Structure formats: structure tokens, C-alpha cells
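Just below is one structure, and these are the notes that go with it.
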Amino acid sequence: MHSNENVHEGDGLMRKLAWLAIAAIAVIGAGTANAQQTPRKGGTLRMTAPYAASFGSLDPHVTPRAQDDIVGKALQRSLYNWDTAANKLSLELAKSVSVSADGLTYTYKLRDDAFFHNGRKMTADDVIFSFTRIMDGSKGYPGARYVRLIKGAVDVEKGTAKEISGLKKVDDYTLEMTITDRVDPGYYFFGGSTAILPKEEVAKGNYASNPVGLGPFKFKEHIPGSRVVMDRFDKFYKTGQPYLDKLEVLIMAEAAARDVAFRNKEIDTSILGPAQYVAYRADPQLSKGILEVAEMFTRSMHINLNSIKPFQDKRVRQAINYAIDSNLIISRLVKDKAYRATSWLPPSSAAFDKTMKPYPYDPEKAKKLLAEAGFPNGFEFEWTTSQNESWGLPIVEAVIPMLARVGIKAKPKLVEVTVLTEILMKGDHQALIGSSLTGPDSLATLRCYYSKTPRTACNYTGFNNAEFDKLLDAAAQEGDMAKRDEILKKANNLLYDEAPVWFFNYNKAVLAFQPWVHGLQPNPTEITHQYPENIWVDATSPAK
Amino acid sequence: MAESLLSLDGLAVHFKVGNALAGGIKTLKAVDGVTLDVKPGECLGLVGESGCGKSTLALAIMGLLPPTRGTIGIDGHQISGSTPPDRMKMARTVQMVFQDPYASLNPRQTVRRTLADPLRLHGITDKAEVETRVIDMMAKVGLRPEQADRYPHEFSGGQRQRIGIARALILKPKLVLCDEPVSALDVSIRAQIINLLLELKDDMGLAYIMISHDLGVVEHVSDRVAVMYLGRIVEQGGWQEIFENPRHPYTRALIAAIPDPFHRAAISADAKARGEIASALNPPPGCHFNPRCPLRADICTAEYPAFGEVSPGHRAACHFRDRVS
Amino acid sequence: MLLVLGRRLANIIPTMLAVVALVFLLFSVLPGSFISGMNEDGRSTIDPAVMERMRKEMGLDDPLIERFAKYVAATATGDLGISFRTREPVTKMLAGRIWPSLKLVFAAMTFAILVGVTLGFLAALKPGSLIDTAAMVGAISGLSLSQFWFGLMLMYLFALKLQWLPSFGYGDGGLRNLILPAIALGVGPMALLARTTRAAVLDVLNADFVRTARSKGMSERRVVEWHVLRNALVLVITIVGLQFGSLMGQAVVVEKLFAWPGVGSLMVDSVFQRDMPTVQGCILMIVLFFLVINTLVDLAYVVIDPRIRYR
Amino acid sequence: MTTPLLKVENLRIALAGDGVTYDAVENVSFEIGRGEAFGLVGESGCGKSITALSVMGLLRRPLSLAGGRVILDGKEIQNVSAAEMRRLRGKRIAMIFQEPMTALNPLSPVGRQIAEMFVLHQGANWNEAMDRAEDALRQVRVPSPERRIKDYPHQLSGGMRQRVMIAIALACGPDLLVADEPTTALDVTVQAEIIDLMAELCAAKGTAVLMISHDLGLVANMCQRVAVMYAGRIVESQVADAIFAAPTHPYTQGLIDSLPRLGERARRGRQKLREISGVVPSIANYPAGCRFNPRCPAVTEVCRSVVPEATPLPAEGVVRCHHHG
Amino acid sequence: MSLALKLPRLRLKGGSSLWVGGGLVAIAISSAILAPWIALTDPVLDANLMNAELPPSWEFPFGTDAQGRDIYSRIVWGARVSLSVGIISQICNSLIGVTLGLTAGYWGGWWDDVVSGLTNLMLAIPSLVFALAIMAILGPGLVSLVIALGLTSWSYSCRIARAQVLSLKSQGYIQAARILGYGDLRIMFTQVLPNILGPLIVIATLGMGGAILAEAALSFLGLGIRPPFPSWGSMLSEARDQITTAPWLSVFPGLAIFFTVLGLNLLGDGLRDYLDPQSTTRRG
């Protein structure tokens, strides 16, 4: 099923936050190279939605899916957005914001030039309505976890209040928001699941089939399972934008079909998997239209330390890391569409020790370690995996013979992507290969190896190391960020040595585009999530 | 008077046909009140055309169809709708020879198995004894011992019918029901089988029910004859009575219909029946034969005639049984 | 006619009920169930407490029997429940998918009938000839093809290499987008129909009444027109019906491959998302289609074959 | 002597088997005069049906005409073009088949199937043809023909269907009617009716009949002359009464004597039937010489090696037996 | 009956389809059996990423896959999985179908109604859809696959068995057996079953081809057997993304499936003719 690269790796917020830290290493491809040209008005862009064979819903509050946000970016807008050019959060629906001294009350001056597609101007009431709707406890909207930040939101969710007490309309274009923690609310309110919707359209009861938002394109048609077609919204608040007359988002979950279609010039953008990445890079024409972005998820094999005896021995775990030629897999199988992982934290993390080298490929050493650990003839384990192309079965298949060479027999157990987390939380695995979010908060990331963190939270390996715990406790106590990072660096290095996982790689997302497409953004949060008002096509586009 | 080997008393076999949704369920009275008896060593000829119910009657006698009404008594064993037959006991008393020698033998069983399996099933486990009885029986029906391990397709039709007869007789039954035993055979083979059946009858003291539409065969082998029409016996009597002095117009029509140049003038053309047998689903009112009967009168459409006696042992169900001749 | 229709319709209901029961039971043991449908890739985005409350509200904690009874009652009124994934009524989701599905299925069947029946006929009229051999070799090959491999090859050849047709998708719903998936889906039934037709026509050509027709002094062409066609049709139509009816279910693979927005692809996606109400709805749709087509075939029988009317 | 209507001379029909070709029919000759009824009698597999088909020009693979001549009204027709043969079929020579059940198109109303004849051979339009079909049905004494023409075959009884077949065959007043076992599938009483009807209609129209049957009695009853076939050859041919009264060939004798005849038992008491030993040979195993020799009671050395020539009989007939004449 | 009516029907290459089909199937079966000897490398362990995605050559006759494994060897070994899926699932189908069909046809009555209802139900739910549901419940794997395919397409053998029994039931030898006192089960297994095996074998043969195709389809949908051990369906399914870049990855498993299924279909056809009592090949 999900044979694509970039199978959604985390929930919206975390995914986006991850990018704060690594925005710097985003590789900007040709997409921005011709940005200097004058954008042409008109034309049609045909984007692809590669993650599933349908959209979940066009009601952005209902769906947490990356797939749906591709369309969401065109139709709806949220309070904040992710500025891909500056790689930071910025206000979208507000012109300015002021923060109270205690850092808990934010006063927004909302845009007075933002129109819904039905022609009505957005006001503070719409924000209040949208956030209140998200807190409807009987619906379980995924955005609720973000809105809970606002004071009184939980009461609405529980049904004990009708209104969120922390939201106050000062006037039509002024909104006061009181939050419960000292954090930047931008991280919470820039995703589709907290988009601002017009009350009167939602009240009609068929919002999902007739979505009306503040985005640069207005909804025209949705053929379920096939495509969404949108037209330019002339009253969009950014002057001169959007450039395109029409935007089509075509659903194409089959990588092979997408490949054929892209080569056949039926689509303008396509997500590439490793196989195509190589082919496209090698092709003189196709190679001109490749946009690459580094991602910050650590792909690894979680070793369940409580499952079988060999895994309890550090030397065995190290042996696994020595036995696997990760670089070879990355270059030959993943086709360099990834960066080698050293330890748990990514290189972009402040707590990453840049002097550290990844485990080298050394089967002799692995054999030696195994022998020392008392397993000279190796052992056997069950390796749970999904079918994911980049961090699933193909990798496992490539690793199996490598492990076999040092005497370790791995038996893959195939499960669906959808149940991976459930398995991890239950500990129903001996080893499991997956992709984990490892940023930006290094402390939060490393806490997954803290002995008191329950398995259901994220201690999937069942790691229990007193020294590590001590380091983490110290880090939590430390107020000085630099010192804290130093402590965490030690913790991360300790993880490297303890090797509760096989450290594999961090992903690189690749978007192919046709030569007539301009203004694509190397969005590090999700490469398919383009702010379509910035995109334009030149006259060579074959699309009508 | 010897005790009856087989006695049918008011036997009726009805079927429900049709669909409750499509035109409703109807009752097909395939056999409708048949009273008959067969004494040991006797051959009863049962004559009738297709659709008269003789095959249903045969199946009921064999215990393969439960009676709707009435009883079947076989050698003291009573079968009725409420008392199902004891198959094993029945098997040793009454057996059957089938019409189609091609369909009546299991193509995947050798002659030996066909004959030996029933013996074993009925408790004869001694290998030598089984073997002797199989070979004896084969000899009796005119098969050579070396043919025992052949499969049915290696035999001609006549030989297959011999195997069929052997199978029917292997358990030494007292009554054998022969359902058109020669009609599927080549003409030149029929005499062999008829002769064989008669020989075996004398040899083993068998009683037969000989079902046939061929009156020549029935006359040749029967002691008594019963004529069936639409589920009922319409005439019954000694063979000579039936063929020389038939009292039911249907019997007469059957005889008249025989294409035999020597027989041409024996029964006048006006004895012939018109049309065809009616459906048992929807029998004509009164005497079932009335639409085809050359003697039809008003009474025939009004009531079913009594099965009255013409002479001792000779009965006919016709209003004009005394007039016909 | 009405009687047959009535009887068939009366048969549909218990079958549907049995399908509902089967599907319901089957998926009540499926691991993951409700929660996975609400999540993205197994990661919970919903507060467990909220989830529990929703489970209760949706009646998912009720005893199976009770849920089943409710589901049947709702289904009877045309309510197939709310999708776990999209929160939309399943009927509405199906409504969006049924037209593309029907289009694909009808196009595939048209292809299968036109090509398959014609080939079968020509083959039977000249048994042993070159066309017969070619048609039968083609037919048996068609039956041995893996649907998605064949689809991929079609895509590769006609879209990528020859650039005659679009490779995938529904497009504007026009014919150009329909051709490749219809062929990929229709090739199996086509092959089967070619074989069945050939056998049926040969059967009829060997029938006694055809000999009667010949003995009347009829030309072969007349024999075929007056006596063979209709009789062969009766034999072919059963296969047409069965194939046609099951085509919507068979379309799963083709729909996935060509990104065709039909009921089949919705079902597969929903299976993976553990979106039970939608899966159930899709299966019911597929079964209903089968039953309806078979009812139509039965009615066609009544028109073509006088014997049926009196059975 | 006038030209016979049909003359078959030295007919040979080949059956192509797996790599071998057999002579299914060999050296068959006979003549039928205008308006004459001629019978061809034999057991299954003797080649009588394919002889009839070859007269119709309806042999299909693996059967083929391998030699001899078929002369209709002085004109050789065994090699005429397909189109010309079609014009003859139905118009000059018509055929009735054994199974009235399957010989009619189940999906076409019987009226139409009759009317086709008028459309095909007399250029009538369908309305006219349907009217005449109704007349034709009336002629074969189908009750209420105006309703019956719309009926489908399955709505008719076996006898009625065979009447329809007769109506089709006689529709264009053919010179010759080939009737292949027309009553085998029917009950005896119905058979008598159909035979009477056929004889009557043919006599009225002056149509000659080639009657094929396994029932010597039936043929002898209806036909003026009879030929008996055995294993692909005609063994004897005579005037009907004579062949019954004085059969010459041992096979014919055996056929007549081996079957119990009605009234025989009453006259002479039960006699053991005369058996013809052995079995009918299969086409692949025809014996050399006289093909009846393995079963013949009078067999001598010459019979096993030499094919007997046709010997003329005193009263217009031939026999093929070494022991005659 | 006259000779003309018994004439054999001409069949297109009845004999040759038996031989060609049998030959193809024999090749598939022998590669499955002889895999350890005729495979060049281990299908799972002999992966060498340095050799990844090489086109066919003398060293790798069918090329190598993304993990650098020899495709020829994987196809040879894959025959084991694909054929066992076909064979085992068909055995299941046949057992279920024959048992139900035999008893339903023989006993009739309410049991027949139940079985007919079940059969119609199974026919109404396309087997692929049904198999998909079962795979979703059991999870991917060989055992689940065999179960999913073995439980979902018995309706054909059931129908055939039932129809055959119904036509045999009135045959003299079945009635004779009853009259001789045979019990129902004894009749079913000694008298009926041996005589209906022919068409059932044909159905099972054709069904095997169907199961192999279904395995491929389920693999495509992500619910097949997934490795390490290769099956043709999973090889094909994995290779589909490389259709434009490394076509040999999908061509060879595709051809393996095609020729094996073709062989099974031809064999089924040939057997149908061979086992048909009306067929010339067995007459006389």
C-alpha cells in the first residue's frame, strides 16, 4: 500500500516543530532557482496527492492526514503559517500580535482583508467559532490537542462550558487569547487541523463536500478517490496572488503509475521513491526538476530489551550495529535518499556530538562481540516490519543476509503500517524497524529512553540504564541551555554505546516537478505541502 | 393360499411440486392407492406407459421412497410412512435389476468388488466364502471367473445386465424387482437375458415383479399381470385372462398398439386409444382414462369406477368391464 | 416476468442479510478496529478519554448482537453509518464512488462482450481454423494474466511509450481515461466469454434441432441466424451475468493501479484504515450489484428462453 | 420397371477414428419406388441411421461418404453442390428424427419452425407462412392448431412434438420422407397413433417413406419392403410379409424367433426363447467374412473368410448368406 | 441410440493442451522441488548490494533485484511458495466444496438449502474481496494466504460436486447400493466420490491458477506473503515501482506467473477433455 517515500511520519505539530531545528540543512533545489523570473498569471497546476488512494476529508478539522493538508493549504488558512523562505513561523491571518508580560495572553490584530470564498470578511468570531468547534468533545477532532492550550478549552471539551473562556473578542479584528503554558502558540495554530472556517458554511452540514475557506483557491469539484479541482480566488488577501487560474490535486498512490504519469507529462509534481530518485537524477531532462529536502526522523530498528536474552547484552546490540553495512544500504538500496544516522539525536540537534562517527561496518568485530557475549553461533530473532519502501521490508531484506553472515538469523514479521505503533506500545515485538521523530526538543526526544517513561509513552525498547537516567535528571534540572545540551550530548553518546537500536538513517524527501513549474517551496515540514499562491507555471505548460 | 411375500395395501406416494411463490404447491399423486400382493415364487407383470407411476412404485417397494399413505409388507416386515424400513433386512429379502445396464454399474468397481462388497457388508467376512459365492454367482449368470477383475466398461450391454442380475441375487433375496430389464439392450441380446431370468427364478425359487411396457415380454414371463394407469391399478389378473380377455379399454389399447404383422387383426382398430397420458398433477375427473377411451360415456367423467371382479382373481376398474370384450 | 422478478427480489433480501451478518462478524474480530480508523498511521491524535466517550456514543461497546441488530435496522433504511475516517455518511461516500465504478464495470464488460463473444463465435463457426486457434490461445492466455501486471504493461505501452492514452486517473470522466482500465479489467471476462461462447456455439451446432434445421434445407447462415444465435446466447448469458456481477469486486486491483475512484479502491483503503462502516458499505454495494445484475440476467432469460416462464 | 424414386448403390460410409478409418457402412444398395414405404431394420450401431443421413447429405465429420451413389429420381445427388442439396432437402426429401424432444428448437414457437419451410422453399412471407403452418398442424391432427402454433416445444407432449416434426417434414410435399426411429421415444399407444398418421398422410400425398427402426414388427407393419442391416451391411431384403413369415438369413431368423410374441405362450405354452449368442461387434472389430459368423448357428469355414454375395430370393429380394441358394 | 448421435465432438487440440499444459506445470513443479540444486544462489541470504539492480547477464540470467539478489534463483525458489499456495488452498477449497456439495446433493432437503444458500453467498461476495477481508484480519503471510484463498473459492467445486451428485443419484448403481443396504456415507465415499473426481480435479487445477493470480493480486494490494522468502506475486509487486527503470524485475516473475497459470489452465482444459467420458481419447 504505502509504497511511497514520505509516508506520514508523525502527527502534524511534532512534524512541523522538527523543522525548526533543521531548516538550515534543507537543500533547496532547482525550484527556487528560477524564482527571479516574473511570475506568469494563469495556467493550471496539477499536483499529486501520493499518500493514499483518497482524501480523508476536505473538512480540515476532521482530518489529521498529510494527504488532506495538500488540498487544505489551498482552501483554508490558519492563524499562523510556516514561512519556508525564512524557515520560521509567521503570522498568517493576523497582522500583528502582542504578548502580555506573563507570556500567557496574546492579543492578535486580525487581518481585515481576509475574505472567505463566500465573499464574507473574516472576523474574530470566526476564530472563536473554529476553535470552539474543534473542542466539541463528541467529535474527537484531532486539532483539540492544540486548542487545549487555550484556557478553558478543556471545559468545552468535557461539556461543562459552552465557550472557551480564554478566547475573547475585543472587536471584529481584535482577539485576545489566554493560554495555559508559556509556549509560542504559533506551533499550535499553524496546521490545517486548526484552520479558521466560516460558521455559516459549517452550519450547512455539508462542509466536507463544499469546503469554503480563506485560502487562495476556491473549491470547484471533488471526485472522491480521483481529484480535487480548485479555481483562483480573486479576493485572496495577498495582492497579485495566486498566479494560477486553476489547481488540480490528483490522487496517485501507486508510485509506478505516478512515475508513468509524470513521464507522460500528465502531472506536474510527483514524490519520488529511491528507485525513481536514481532514475530521475540520471536522466538529463528529469534531473532538472528535482527538489530535495532533508528530514529529521531517525530510522532505526527498535530492539525490545525485554524480549529475548541476547538483546539484554550490550555487546550483542553493538554487534548488530557492526554487522550491518548501513552505508551500503543507504547508497545502494535507498539510493542516497537518506543521511546516515550516528546516534539517536540528529546532527542538527544542539546536543549532537559532531565528533562522533557512526558504527563502522565490521562483521569480524561483530562476531567477536557475539562470541564474547556468549553467542558464538549467533541467535535468532523476530523482526517486525511494515512494507514501507524506505524503512520497512526492503531494508530488512537487505539486512537479513548481513546479519546471517555473523550468525544472527532474523525472521521478518510483516505487519501493516497502521498497527506498528500499537505493537510498539504493547511490546509485542522483539525488534521493530520504524521511523521516529527525533527533534527538536532533545530532552523530550531522549526521554524516550528514560527508565520511568512507560512503554506506552515512547520507551519502546524498554531501556533502563541508571547512568542515563541520572544524566537526564540532571539535564532537566539544568536551566542553562548550553550546559543542558552538554549533558544531553553525554546521554546521546551513551545511547550510541548502549545501542538499544540499530541506527540507520535520516530521510531526504524528493519532489520532482516539470520544467514549467516555478515557485515551489522546499517546505521542510512536508514537501508536498506547498503554499500554492506562490506557484506559477510558464507558457510551456501543456495543461489547459 | 401361500402367504404373501410382498403385500401393498392402499399404497400412495405423493410428491409436493412447485414453488409457493410460483403458482403454488401442487400434489403429484405418482402412486395413488395401489393394493397388490406377490407370493413366493410368483412373477407379477406390471404394465404401463411412462408416467403411470410404475417407477415410483418400484422405488417405494425398495424402501427408497417413503409411502404417503398405506403400507408395504415385505416378508413380514411392515413399512409405512411412519415406520421406515430396516435397510439391511430389506436388502436380504428384496432386490432390484435396473433398466440401464450402463448406468447401473459403478464404473470404478470391478465385478468382484461389486459382488463381494455387499456380502461383506452383510457380515460374510470369510475371504474364501466370499470368493466362492462371488464365483458361483458369476457362473450362475453366465460369466467366467476370469472376468471378475474387469471393470464394467470392458463388458457389453448384455454382460453388464448379467452383472446387474448377479448383484441383485448375491444376497439371495426372495423377491427381485426387474425394472424393464431388457428394454435398453440390443434386440439380439434380449432373449439371453429373459431366458436367464426365468432360469434363475426356477433355480433359486425367486419371485419377480417384472415391470415392462413390452407386452410380449410380460406375457412370456408373468404368472399374474397388473396394468397401471396414472398411479392406479386399472386391471389385474392371471396372465391368460389379461391377454385373452382384457376388460379395461386401456389394456385393450395397449394390446392393439403392438406392431406385429401376425397380430394385426387380433384386436380391432377401434380399441386404440387416442391422445396421450394425462399429467398426474392434474388427472382428469372420474375415470382417469376417459379422455382417451373409445368407450367413454357420461359416467366416466363423473366417477372413478370400482375395481370390480370380472372373474375370480381378475379385476378391472372400468364402468363397462362387463361389456367389453 | 413479474413473478420471476418478485422471486428474485425476495431472494436478494436474505442474501443481503447473510452478507451483512458475515461481514459484520468478520470485521468485529479485526484487530485495531475503530481506533485505527481515527488515527494517522497508528499514532493517536485523540485523547483516550474522548475516544472512550465516542466509542460509547457510537455504540461500539454494546454487545455484538445488539450492534448487529442496530446495523441491520439502519441498513434497511438506507443508513450505512458514519465513516470512522471521514466522519461522513457511508452512503454519501459510496454515492460518489458508484458512478465511476459502474462506468468502469460497464466499459470493461462491453469490451469483454464485444471482443469475447465475437471471437468465440468466429472460432466456433470454423473449428480448427487459424482464427479458432488464435482466439483460443488468446483466450487461455487472457485467463492466465495477472491483472495488475497486465495493467502495468498497458500503462507502460500505451501511455508511456506510445503516448496514446492517459496512464491513470479518472480525468474528466471521459472515454480516454476509461479505455486502459477497462481493458485491464475486461481481459479476464473477455477470455472467459470467448471460450464459453465457442463452447456454447459448438454445443448448439451439434444439437439435434440444428440437424433438423439443416434437414429443412437451410443454408448455414440461416441456420446460425435462425436457430444457433439465440440458443447460444442462453448459454453465454449465464457467464456474462456471473462475470458482470462479480466485476465490481474484481475491479479492486485495477482501480488501485489506475487510481480509478471506484468502490473497490475505497474498500481497500478503508480496510487498511480499519474504517469498518465504509468497508461494510462497500462490500454490501458490491454484493448488491452482483445480485441486481443476476436478477437482470434472470429477467433476460425470461425474455429469451420461453422454458423459464413455465418452470 | 419404372425408375425408382431413390436408388442407393454400393453405399460406403467411412468413420475416421484416431488415425484409422473404418467402414461404418459398406456396399449398401436398395431402391424405393414412388409412394412406397421401405423399412431399414437393424440394431444400434448397424449403420442404418447414417445411411439415412447420407441420403439427406447430412453426414458430418468424422463420418463421410466414401463411395457409392445416391440417385434421386434418376439424378445422382451424392456429389451435388451444397446449395443444390439444400434445395433438395426439405423440398424433395424430408426427415424425421428419433428424439422429438431435442429435434425442435426449444426457443422458437413450433408454428414458426413449420413456417420456415414455406419461407425457405416456397418464398412465402412470414404471415402467409404462419397461416399455412396452422393448416399443416391441422393436417397432423394437432388439436386447436391456431393456439398451438404459438406454443414452444416444451409445452407440447412427445407425441405432439412428433406430429409437429411430421408437419415440418411433409410441409413442402416431399417425394421421400426419411423417418429415423420416429417413435422409439414414445409410448406404445402413442407410437401406434403416430405410425398410423404417418402412413395415412404419406399415402395421401404419395410420399415414399424410408423407415428406419430397430423394431422389425413395426417396420413390417408399415412398410411394403424391408431390408435388415447387420454390422454395416444389408443381410437380407424382402417383401415385409415374407420376411416375417419366411426369414432367410440366420440373423433375421434369430431376430424374429428370439422375441416373445404376444399370444405365443397361449398357443404353445412357455417355450425357451431362441437366443442369438454373442454380442453385436463394435465397428473396430468387425469380423472377416460374413460379419454375423461368430454368432451364427450355421457357421461354416467359408463364412469366416469370404464375404457372402447377394443372392436373389424368389419373391423380389436378396439375402447375403453362404448357406442360401 | 444411433451412431450419429454418439459421434464425438471435435475438440481443439485436446491432446496438445494436455501435454503443453502438463509440461509447463511440470517445469514449475520440478523447479519447486529441485530449487536447492538448480538455484544459483540462496534466494534470501545471497544479497549483495554491490550487485543491486543489474540487468540480465551470464552471471545473473534474469538480472538482480534491489537487494542484489539473483532473480533467477528467487523465481526458482518462489515456485515453492506460489505453487504451495495454489495447491494447498485448492486442497482446502476442494475439501470444503466437495464435502458440502456431496452431502447437499445427496441428502437434499434443508441441508441442501443451507449449502445452496452458502454457495450463493460465496458467489455473491467476489472471492478477492473476501480474501482481502480475511487477509486484513489475519495479517500477511503464507498461512493466512492459504486460509484466505482456501476458504473463499470453494463454491465452484461445491456446485460441481452437487450437480454431479444430483445427476449420479438417480443412476442405477447408487440406487443399487442403497438397496443393498449401504449407509449414506459409504455410498458417498465409495460410490459417488470416485465417479465425480474427474470434474473436481479439473476445477481444482483451474483453481490453482486462480489462486496463484490471487496471490499476486493480494501481494499488489499489500496483503500477500511478504518475504524474506520470495513468492512470484510479492516479487512482482515489489518490482512494480521500477517498471520504467529496471523492467526485468517485473518481467521475469510476471512471465513465471503467466506461464505457470497458463500451464495450469491448459492442463485443466486437457484434463477436462481427457476425463470427459464422452471424449474420444478414452472411448473404446
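Every chain is numbered from 1, with letters handed out A, B, ... down the list of sequences. The structure presented is a predicted model; accordingly, all values stated were derived computationally and were not measured.
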Passes side-chain contact (heavy atoms from CB on, under 4.5 Å), B:Leu254 versus D:Val188? Steps please. CA-CA 7 Å; B:Leu254 282 176; D:Val188 279; 3.6 Å; yes

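- Note on D:Pro260, D:Ser277, D:Gly42: by heavy-atom pairs under 4.5 Å with chain B, the leading option is D:Pro260.
- The closest donor-acceptor contact from the side chain of B:Asn195 to the backbone of D:Lys272 lies at 3.5 Å or more, if one exists at all.
- In this structure, chain B has a heavy atom under 4.5 Å from the backbone of D:Arg274, while its side chain stays farther away.
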Working for side-chain contact (heavy atoms from CB on, under 4.5 Å), residues B:Trp239 and D:Arg265: CA-CA 10 Å; B:Trp239 67 271; D:Arg265 185 174 169 196; 3.2 Å; yes

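- Within the structure, no pair that satisfies the salt bridge (charged side-chain N to carboxylate O under 4.0 Å, His left out) test touches residues 210-221 of chain D, not counting sequence neighbours.
- Taking both residues in full, the closest heavy atoms of D:Ala192 and B:Ala257 are given as CB-CB, 3.8 Å, listed atom of the first, atom of the second, then distance.
- B:Leu198 touches chain D through its side chain: at least one heavy atom from C-beta onward sits under 4.5 Å away, while N, CA, C and O do not.
- Of the inter-residue distances, the one linking B:His213 atom NE2 with D:Gln191 atom CD reads 8.0 Å to the nearest 0.5 angstrom.
- We find the CG-CD1 distance between D:Leu273 and B:Ile194 to be 5.5 Å, quoted to the nearest 0.5 Å.
- Proximity to chain B (any heavy atom under 4.5 Å) is shown, for D:Asp257, by neither the backbone nor the side chain.
- The CD1 atom of B:Ile193 sits 8.5 Å away from atom CD of D:Glu275, with the distance rounded to the nearest 0.5 Å.
- In this structure, D:Arg304 places its CZ atom where more than 12 heavy-atom neighbours from other residues, nucleotides or ligands lie under 6.0 Å away.
- Within the 4.5 angstrom heavy-atom criterion, atoms from both the backbone and the side chain of B:Ser188 approach chain D.
- Residue with the most contacts toward chain D among B:Asp214, B:Val218, B:Ile189: B:Ile189 (heavy-atom pairs, distance under 4.5 Å).
- Nearest heavy atoms, B:Glu244 versus D:Ala266: OE2-CB, 3.0 Å.
- Nearest heavy atom pair, residue D:Glu43 against residue B:Asp186, reads OE1-CB, 2.9 Å.
- We find the CD-OG1 distance between B:Glu276 and D:Thr189 to be 7.5 Å, quoted to the nearest 0.5 Å.
- Interatomic distance, CD of D:Gln271 versus NE2 of B:His220, reported as 9.0 Å (0.5 Å rounding).
- Judged by distance alone, with hydrogens and angles left aside, the side-chain atoms of D:Arg270 form a donor-acceptor pair with the main-chain N or O of B:Val221 at under 3.5 Å.
- Scanning all heavy atoms of the two residues, the minimum distance from B:Glu219 to D:Arg261 falls at OE1-O, 3.5 Å.
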